[in-house]
Amino acid sequence: MATLSTFDLPISGMTCASCAGRVERALRNLPEVATASVNLATEQARIEAPADSLDRLIAAVQHAGYQVPSTRLELQIGGMTCASCVGRVERTLARQPGVLGVSVNLATEQAQLSITPGTTTEALLAAIREAGYTAQLVDDAPPSAEHDADRALRQERWRVGIALLLAAPLVLPMLLSPFGIHWMLPAWAQLALATPVQFILGARFYSAAWRALRAGAGNMDQLVAIGTSAGYGLSLYQWSITPPGITPHLYFEASAVIIALILLGKYLESRAKRQTSSAIRALQALRPERALRLQDGREEWVALGELALGDRIVVKPGERFPVDGRVLEGRSHADEALISGESLPQAKEPGDAVTAGAINGEGRLLLETTALGAETVLAKIIRLVEDAQAAKAPIQKLVDRVSQVFVPVVLLIALGTLVAWMMLGAPLQVALLNAVAVLVIACPCALGLATPTAIMAGTGVAARHGILIKDAEALEVAHSVTAVAFDKTGTLTSGSPKIAHLQAADGDEQALLRLAGALQRGSEHPLAKAVLERCTDQTLPDAQDSRALPGRGISGQVEGRQLALGNARLLADSGLAPGELGDTASAWETQGRTVSWLIEQAPDARVLGLLAFGDTLKDGALDAVQQLHAQGIHSHLVSGDNAGSAAAVANTLGIDSVHANVLPAEKAARIADLKRQGVVAMVGDGINDAPALAAADVGIAMGSGTDVAMHAAGITLMRGDPRLVPAALDISRRTYAKIRQNLFWAFVYNLIGIPLAAFGLLNPMLAGAAMALSSVSVVSNALLLKTWKPRMTGDDR
C-alpha cells in the first residue's frame with residue numbers, strides 16, 4: 001500500500017452544496033483516494049491519497065467542471081550536487097501547504113512550483129534552507145548574476161588547479177614505480193600536501209554532507225566525505241603505529257587525488273552545464289535595455305520600463321528592435337535569425353510587424369509599440385524555452401525513484417564490503433580501501449544530470465532553429481510519432497489565393513492579364529489582389545463605370561470596350577458559351593481551382609479567356625512530406641476545403657490520405673480516429689485547429705498563425721516553413737536517444753563500478769576518476785546535440 005499524504009486543494013467555481021457533492025464524488029471515484037471531503041464555505045477539498053497522485057486529483061476536479069486555482073513560482077536552489085539532492089528538495093517542497101506541484105532541475109539548479117493563491121514564499125524558502133540548501137526567488141537574482149556565475153567558474157578553476165598541483169607529488173611515486181624508480185615523500189610532507197586538499201579545498205564536501213545529515217538525508221557529498229576521510233584517517237593511523245625508521249603504508253595520495261579528480265569533474269561539469277543553457281543566454285542577450293522614443297518631435301533615450309503601448313520608437317540601422325511594433329515610416333530589412341531561425345533578412349515597410357531582438361538592416365524605421373516586456377514575442381520564446389528546460393521528462397521518474405534510496409543503499413554496500421573483507425582475513429587497510437572505492441564510484445551525479453542536460457541541449461538547439469518545444473513531455477512523445485496530420489490552408493499552402501493558371505482565347509495571356517487587372521484596380525477582394533499581384537510589371541489602363549455584379553463578378557469599360565470578369569453564372573447570364581475553353585475550365589475546377597471568365601459584352605460579345613485561382617503551396621511543403629515518409633511517418637491532410645482542392649494538394653505532395661470537408665468541430669474527432677492507429681502529431685495554424693492540436697498526442701503550431709493555436713500545441717514553429725515539422729520530430733528523436741544513452745551509461749557506471757570496487761578490483765583513485773568521468777561524459781554526450789541542424793534542402797516543385 002502506497003504511503004498516503006494529505007492534500008488541501010482549493011476549488012473554484014462551486015456555487016452550492018450539489019457542486020461540493022459533485023467534486024467529492026469525482027474524487028472518491030479515484031481508486032487511489034482513501035478519503036475525500038469538500039468544504040463549500042472554505043472552497044477546499046481535503047484528500048488522503050498517495051503522494052504521487054496530485055495530477056490525477058486535479059484532473060478529476062477539472063473533469064467535474066471546476067478548477068484548482070494556482071500560480072507559478074520559480075526558485076533558484078543552491079547546494080544541490082546529485083539526483084538525491086533533487087529528490088530531497090522536491091519532497092521538502094511538496095510537503096509544504098499550498099504546493100500543488102513541484103519540479104526541480106539539477107542542470108539549471110531551479111525549482112518550478114505550482115502553488116495556491118496566498119501561499120507565502122518565505123515559508124517555502126525557509127523549508128529549503130532547513131533541508132540544507134540555499135534558495136531565492138529567480139526574479140530576485142541580482143543583475144550581476146551572470147557575471148557572478150562566470151566569476152564562480154573562474155574560482156572553481158583555480159581551486160581545481162591548486163588541488164591537482166598539491167596532489168601531483170603524492171601520486172608521482174606510484175607513476176614512477178613501473179620504471180624501477182622507488183621514491184617516496186616523507187610522511188610529514190605527504191601530510192602537508194594532503195591536508196589543505198582534504199580540509200580546505202574539500203571543505204565543500206564536508207559542509208554539504210553535514211547539511212544533508214542534519215536534514216536526515218543522504219547525498220553524494222556524504223559518500224565523498226566519508227570515503228576520503230577514511231583514507232586520510234587510515235594514513236594517520238598507519239603512521240602512528242609504524243616504528244621509527246620504517247616507511248609506513250600511507251594513503252594520503254588516494255584521498256587527495258580523489259578530491260582533486262572530483263573537483264576537476266565538477267568544474268568540467270559546471271562549464272558544460274553553462275554551455276547547455278547558452279540558448280537562453282543568447283536569447284536574453286537580444287533584449288536592449290533602452291529605446292529611442294519620439295515624443296513631441298523630440299528623440300530621447302528611455303528605459304524599456306518607461307515605455308507604453310502606442311509609443312513611437314525610432315530604430316536606426318544596425319540597432320536591435322527594443323519592442324514588438326508596427327512600422328509607421330521607413331523601409332529596411334530585419335535579421336530575425338536568432339528569433340525565428342530564418343536565415344535571410346526579411347523586408348520591412350509601413351504596416352509590417354517587427355519583433356523585439358531582431359536587428360534592423362539598412363534603413364531608419366519609425367515604429368508604433370504593440371507589445372512590451374513579458375508580452376513580446378521574444379519574452380514568450382524565452383519563457384517557453386525556460387519552461388521546457390526546467391520540466392522533467394516522464395522517463396525521469398525512474399531516476400527519481402532510484403535516487404530516493406541510492407545513498408543509503410550505497411552506504412550499506414560499503415559497510416558490507418568492509419565487514420566481508422575483514423571476515424575473509426584481509427588487513428584493515430585493504431578492507432577500508434575497498435569500502436572507500438565503493439563510496440567514491442557510486443556518487444549519483446551522472447544520474448541526476450542525464451535527463452536535464454539532454455533536454456536543455458535539445459530544446460536549446462531547436463529554439464535556435466525556430467522550433468520551440470513547450471515541455472519535456474511533448475519532447476518525449478514526439479520521438480514516437482507514427483503519423484502527422486496537416487491542416488491545409490496556412491500550413492501547407494500560403495493561405496492567400498494566387499493565379500495558378502490562365503488561358504487567353506487568342507493566346508495573348510499578357511493582354512488578358514492587362515484587361516483583368518484594369519477591371520480589378522481599387523478592389524479589396526482577395527481574387528482582385530491576386531490579379532493585381534501578377535500585374536505589377538504592367539501599366540494598367542483606367543476602367544470607367546466599374547460596378548460590382550453581386551454573386552457574379554465585376555464589370556467596367558476599358559479602352560472603349562465593355563468588359564466583365566466573373567464566374568460561370570456571369571457567363572451564362574451573358575448568353576455566352578465556354579467554347580473550346582470549357583474543357584480546360586472543367587479540368588481546373590476538378591483540381592479545386594476557382595475559375596473566373598473574362599468576357600467582352602460590347603461591341604462584340606465574346607469570351608476573351610479564363611483565370612484559375614488557387615492557394616499556392618508553401619516552399620518546402622513537398623520536401624517536408626518526403627522527409628516524413630523517409631522517417632517512416634504517414635501523412636494525412638485534414639481540411640475543411642472541398643474534396644477537389646484537398647485532393648489536388650495531397651496528390652501534388654504525395655500525402656497518404658485525405659480528409660476533406662471537415663468542419664472545425666469535427667477535426668478533433670478525426671484526430672481521435674487516427675490515434676487508434678498510432679501516435680499522431682497535428683500541424684495547424686488557425687483558431688479552428690486548436691481543438692485538433694489539443695486532441696493530438698503532439699500539437700505542432702505554425703508561429704505565423706494565431707496565439708490560440710500556439711497555446712494548444714506542445715511545439716511551436718516560429719516560421720511557417722513545413723520542413724520544420726520533420727525537423728522537430730527529428731530533434732525530439734535525437735534528444736530522447738541522448739536521454740536513454742545518458743541513463744544507460746549513468747547506470748552502467750554504477751552497476752559495473754560498485755561490484756568491481758567491492759571485490760577489490762578498483763582502487764579509490766581510479767574510482768574517483770571514473771566517477772568524475774561519468775558526470776563529464778553524460779554532459780558532453782548531451783552537448784553533441786548542439787551540432788544538430790534541420791535539413792532544409794530539397795526539391796520543391
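Side-chain atoms are counted along with the backbone in the values below, which use heavy atoms only and exclude waters and symmetry mates. Quick note: residue numbers are just sequence positions, from 1.
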(message) Apply salt bridge (charged side-chain N to carboxylate O under 4.0 Å, His left out) to residues Glu156 and Arg154 and explain how you reach the verdict.
(response) CA-CA 5 Å; Glu156 197 171 350; Arg154 288 195 298 271; over 6 Å; no

(request) Drop me the distance from Thr121's OG1 to Glu74's CD, to the nearest 0.5 angstrom. (result) 13.5 Å

(message) Among residues at least two apart in sequence or on other chains, which ones pass side chain to side chain contact (heavy atoms under 4.5 Å, CB included) with Trp158?
(response) none

(message) Determine whether a donor-acceptor pair (N or O, by modelled atom type, separation under 3.5 Å) exists between the side chain of Arg129 and the backbone of Ala135.
(response) yes

(message) Between Gln190 (side chain only) and Leu170 (backbone N and O only), is there a donor and an acceptor less than 3.5 Å apart?
(response) no

(request) Work out which heavy atom in Ile413 is nearest to a heavy atom in Val438; give both atom names and the distance. (result) CG2-CG1, 3.9 Å

(request) Nearest 0.5 Å please: distance from the CD1 atom of Ile739 over to the CG atom of Leu475. (result) 6.0 Å

(request) Could you check if a side-chain atom of Leu137 sits within less than 4.5 angstrom of a side-chain atom of Leu73, using non-hydrogen atoms only? (result) yes

(message) Checking Gln76 now: which residues fulfil side-chain hydrogen bond (donor to acceptor under 3.5 Å, both in side chains) with it, not counting sequence neighbours?
(response) Gln110

(request) Give the minimum heavy-atom separation between Ile259 and Gly202, together with the two atoms involved. (result) CG2-CA, 4.1 Å

(request) Using modelled atom types only, decide if a donor and an acceptor are shared between the side chain of Thr417 and the backbone of Ala435 within a distance under 3.5 Å. (result) no

(request) Taking the side chain as every heavy atom from C-beta outward, state whether Leu75 and Gln136 have any pair of such atoms under 4.5 Å apart. (result) no

(message) Would the distance check show the side chain of Gln96 and the main-chain N or O of Thr92 forming a donor-acceptor pair, the cut-off being under 3.5 Å?
(response) yes

(request) Report yes if the side chains of Ile115 and Ser70 come closer than 4.5 Å at any heavy-atom pair, otherwise no. (result) no

(request) Identify, with sequence neighbours excluded, every residue that meets side-chain hydrogen bond (donor to acceptor under 3.5 Å, both in side chains) alongside Thr735. (result) none

(request) Find the distance between CG (Leu756) and CG (Asn434) and round it off to the nearest 0.5 Å. (result) 11.0 Å

(message) Is the shortest side-chain heavy-atom distance between Ser777 and Trp745 below 4.5 Å?
(response) no

(message) A side-chain contact here means heavy atoms from C-beta on lying under 4.5 Å apart; do Val436 and Thr228 qualify?
(response) no

(request) With sequence neighbours left out, write down each residue that passes side chain to side chain contact (heavy atoms under 4.5 Å, CB included) with Thr195, or none if nothing qualifies. (result) Leu191, Phe199, Tyr232

(message) Is the shortest side-chain heavy-atom distance between Leu784 and Asn781 below 4.5 Å?
(response) yes

(message) To the closest 0.5 Å, what do you measure between CH2 (Trp188) and CG (Leu193)?
(response) 8.5 Å

(request) Specify the closest pair of heavy atoms between Ala260 and Leu164, including all atoms of both residues, with the distance to one decimal. (result) CB-CD2, 3.9 Å

(request) May I ask you to say whether Glu90 pairs ionically with Arg88, meaning some side-chain N is under 4.0 Å from a carboxylate O? (result) no

(message) Please enumerate all residues that pass side chain to side chain contact (heavy atoms under 4.5 Å, CB included) together with Ile226, with sequence neighbours excluded.
(response) Leu411, Leu439

(message) Applying side chain to side chain contact (heavy atoms under 4.5 Å, CB included) to Tyr206 and Gln198, what does each step give before you reach the verdict?
(response) CA-CA 10 Å; Tyr206 286 100; Gln198 184 74 40; 2.7 Å; yes

(message) Quick check for you: to the nearest 0.5 Å, what is the distance between Leu418 atom CG and Leu433 atom CG?
(response) 10.5 Å

(request) Work out which heavy atom in Lys738 is nearest to a heavy atom in Ala454; give both atom names and the distance. (result) CB-CB, 4.1 Å

(request) Report the residues that fulfil side chain to side chain contact (heavy atoms under 4.5 Å, CB included) with Ala426, sequence neighbours left out, ordered by chain and then residue number. (result) Trp421, Val430

(request) Could you give me the CA-CA distance, side-chain angles and deciding distance for Arg464 and Lys786, then say whether side chain to side chain contact (heavy atoms under 4.5 Å, CB included) is met? (result) CA-CA 10 Å; Arg464 283 204 302 275; Lys786 290 167 70 80; 4.2 Å; yes

(message) Restricting to non-hydrogen atoms, name the atom on Trp788 and the atom on Asp730 that form the minimum distance, rounded to 0.1 Å.
(response) NE1-OD2, 2.7 Å

(request) Begin with the C-alpha distance, continue with both residues' side-chain angles, and end with the deciding distance and a verdict on side chain to side chain contact (heavy atoms under 4.5 Å, CB included) for Ile162 and Arg159. (result) CA-CA 5 Å; Ile162 294 170; Arg159 285 194 291 270; 5.9 Å; no

(message) Can you confirm whether Leu263 sits close enough to Arg204 that some side-chain heavy atom of one is under 4.5 Å from a side-chain heavy atom of the other?
(response) yes

(request) Please assess Met80 against Val104 for the test side chain to side chain contact (heavy atoms under 4.5 Å, CB included), listing each intermediate value before the final yes or no. (result) CA-CA 10 Å; Met80 296 189 299; Val104 177; 3.6 Å; yes

(request) Taking all heavy atoms of Leu124 and all of Leu93, pick out the closest pair and write down the distance. (result) O-CD2, 4.1 Å

(request) Return yes if some donor-acceptor pair links the side-chain N/O of His465 with the main-chain N/O of Ala462 below 3.5 Å, else return no. (result) no

(message) I want to check something: taking the side chain as every heavy atom from C-beta on, are Val102 and Gln112 in contact at a cut-off of under 4.5 Å?
(response) no

(request) Would you give the length of the straight line joining atom CG of Leu785 to atom CE of Met456, rounded to the nearest 0.5 angstrom? (result) 12.5 Å

